[in-house]
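Working notes for the structure below.
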Amino acid sequence: MKLTMTAAPHLRSGNSVRSIMLDVLIALTPAAIWAVVTFGIKALVLILVCTAGAEALDFFIIRFLRNKKSFRPDLSGSVTGLLLALNLSLAVEWWQALIGVFVSIAIAKAVFGGLGKNFFNPALVGRVFLLISFPVQMTSWFSPFDLQTSATPMAILKEGSSRIFSLQEMFLGTIPGSLGEISALLLLLGFGWLLLRRRVSPVIPVAYIGTVALMAAIFNGVNPAFGSPLYHILGGGLMLGALFMATDMVTSPMSIKGHLIFGVGCGVITMVIRFFGGYPEGVSFAILVMNAFVPLIDMVSKPKIFGKVKSNA
Amino acid sequence: MKLPTFRGGVHPPERKELAKDVALRILPLPEKVYVFLANHAGVPAKPVVGPGERVKTGQLIAQSNGFISANLHSPLTGEVKEIGKYYHPTLSKPDDAIVIERTSEDDWELLGPETSFEKLSPGEITERIKQAGIVGLGGAMFPTSVKLSPPKDKKIDLLVINGAECEPYLTIDYRYMLERANGVVRGTLAIMKALGVQRAVIGIEDNKPQAVAKMSEAVKGTGIEVRKLITKYPQGAEKQLIFALEKRVVPSGGLPLDVGVVVDNVGTAYAVYEAVEKGRSLVERGITVTGEGVKSPANFVARIGTMAQELIAFAGGSDEETSKVIFGGPMMGMTVPKIDVPVVKGTSGITLMKDTLPEEEFPCIRCGNCTFVCPMGLQPFLLNLYGSARQYDIAVENGLMDCIECGSCSYICPARIELVKNFKLHKKIYRSLKGGAKK
């Protein structure tokens, strides 16, 4: 009998960072498969390049540049890579995607100190970098299956042109858009998995989507050209953003109250950009802006210490 | 009806089935016992016997040596061999113990004749509890008589008897409630009289329906209430227990008596009964020997100072693959480096676990789970950041000293950061920086 000494508690839940990341990857799989089904083999190439590239780069940086010999891949790189891929247009080339991966992993994540230390969602930083660097490819959208160049629902709203998509098309995912954003159904399915596994709290998505719906309802009531609440919920990147990007643990607040503030803030900024901004879509910017407020939100949303009469200064 | 509980908490595997149906067994008297002078919180007791002296069971061998201290009594009838250093299970280092070798069966020296608490005055009951060296048997080992003598300005109106037994694996309080219910009730009534309170509540988690039934039966006609609680760790932590039962909030840095409550463990109540009515000082206690590493888990009544080794042997011995021997349960207990370690008054169980290589740590991913489960409303990740950066003052501002060390945060953490281990260290450093108040 060889006895080891350990610190209490001697029981631990089966949770690990790796198992959380794996669950996120599983949750994104339906949307990723749908991207390949609708957009074909090039979508698969982009998804694989981003996911494998991000994991490999993350490993390289930690293992060799930071010289952590015991490091085993924790799948956080893959999550960033896959999310980035799902945010891309089919028009993006694989080498452009790799630049996005580099920005996400090496700049947005590693430079800040690696996993857990970054302020901004790495996949979104990568996406926005690509949007600015390759505006043409990043804003050319294709309709599913026939791969015709086509305006997204949000662009249609902005420019007031061509056909309006039905809510059913938007819900199921037969609309133009980025690889992973088009099917609300499959994204909800994936999020259901995360809820089932108790990996996330639904507060951020509910607050975010609720705020979008409320603002859309108000503006739509004043002027129907602003689009209906459901159109705003299903027509753009909101589902992908609210369910999988705004809920990123590292870059969101740490209390329920904080989640609420964060979600509402994301919703307001998204709608201000959609209504009044230069871009048809505002999800990425909204989340990134709110990411910057997380330390402040955390400060004002501390839970009450049991038995403390006055709030701690 | 929704059962009462508290905010936060976790649901570790309970594993009570290992030992819960094994009836209490009185462990045969050991040949030797090792009674630590530090068998209670506070100042170690002062020996009043020396090597070569003959002692009777229940005879005083070391005297309370301060306000927070307690008497020690001989667990055996025999001869004092030495006062030597032995590995102490909660101090985690060698410490002074009186070694007594048995020479015969028990020849008791009682504190007084058998009586009933009704015949004693409140003061006499408290004095008897003090003489008997009774301390909190839930694990904290705080001298019970001190709790029963609150400052004049604190009005106590409620006694809570803690039968939650939220610690996984352990089943000793459960067995006491099933098999020694009447003694627990008599002890409870005695403490009520000592405190002068009209109300007492026994709180039991709802995973022990038989104990609830048995205790409800036993309290009939006494006015003591038995209340079910949600099964959730740490339901038995006293601040959480008081909140669950009565919605009273013990203030930060305060004690239950600040909200008019005294909390005692089921085992303590039984010990009070034995002291007050049987005249027996505290020389034995109930100990669950359990875990995957022990062949036949059991619940023993064993003398203080018995080697864990002996208890394990009577539980069928240990499995070769046992990797941890824990004094107490798996959430708050402490590992020992060997099995020849004597039990103390606060040893509620010995848990032998197989398993677990040291687990891989990850960086904190700010998932917030530690915050969600903390029963004290703290932000463990934040305390850990400040503490690890040696910003102890800021950690304390954020509630470090409110941490009850239940381990829920470490249990849930997906990065497997040793949060509570760090907090214990940070608290210790902070206390010594602030001028060395002990504990």
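Throughout, protein chains are lettered first and strands after them, A, B, ... in sequence-line order, and every chain is numbered starting at 1.
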Closest-packed option against chain B by number of heavy-atom pairs under 4.5 Å, given A:G14, A:S70, A:G116: A:G116

Where does [X] contact chain A at under 4.5 Å (heavy atoms): side chain, backbone, both or neither?
| X | answer |
| --- | --- |
| B:P363 | both |
| B:Q379 | side chain |
| B:P375 | backbone |
| B:V420 | side chain |
| B:T371 | side chain |
| B:M353 | side chain |
| B:F6 | neither |
| B:V10 | neither |
| B:M334 | backbone |
| B:I365 | both |

Contact leader toward chain A among [options], where contacts are heavy-atom pairs under 4.5 Å:
| options | result |
| --- | --- |
| B:G377, B:C364, B:P414 | B:P414 |
| B:K239, B:E405, B:K424, B:M376 | B:M376 |
| B:G333, B:C406, B:C374 | B:G333 |

Where does [X] contact chain B at under 4.5 Å (heavy atoms): side chain, backbone, both or neither?
| X | result |
| --- | --- |
| A:L11 | both |
| A:S252 | backbone |
| A:R18 | both |

Do the ring planes of A:F306 and B:F243 sit parallel (below 30°), tilted (30 to 60°) or perpendicular (above 60°)? perpendicular

Over 60° means perpendicular and under 30° means parallel, so classify the ring planes of A:F59 and A:F71, tilted if in between. tilted

Are B:Y233 and B:Y411 an aromatic pair by the rule of ring centers under 6.0 Å?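 Aromatic pair excluded; centres sit 6.0 Å or further apart.
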
Side-chain ion pair, B:K324 and B:E292, N-O less than 4.0 Å: no

Residues, nucleotides or ligands: over 12 heavy atoms within 6.0 Å of B:Y392 OH: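 It does: B:Y392 OH has more than 12 such atoms within range.
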
If you draw a 6.0 Å radius around NZ in B:K247, do more than 12 non-hydrogen atoms from other residues or ligands fall strictly inside? yes

Under the 3.5 angstrom rule, does the side chain of A:D298 hit a backbone N or O of A:M254 as a donor-acceptor pair?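 Checked: pair present.
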
Output yes when a side-chain donor or acceptor of B:K232 lies under 3.5 Å from a complementary backbone atom of B:G8, and no otherwise. yes

Taking C-beta and beyond as the side chain, do B:V336 and B:Y87 meet within less than 4.5 Å on heavy atoms?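 A side-chain contact exists here, since the closest heavy-atom pair is under 4.5 Å.
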
Could you tell me whether the side chain of B:D319 reaches within less than 4.5 Å of the side chain of B:L352, counting heavy atoms only?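 Side chain of B:L352 against side chain of B:D319, heavy atoms only: no contact under 4.5 Å found.
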
Would you compute the distance between atom CG of A:L195 and atom OG of A:S201 and round it to the nearest 0.5 angstrom?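 So the gap between those two atoms works out to 8.5 Å.
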
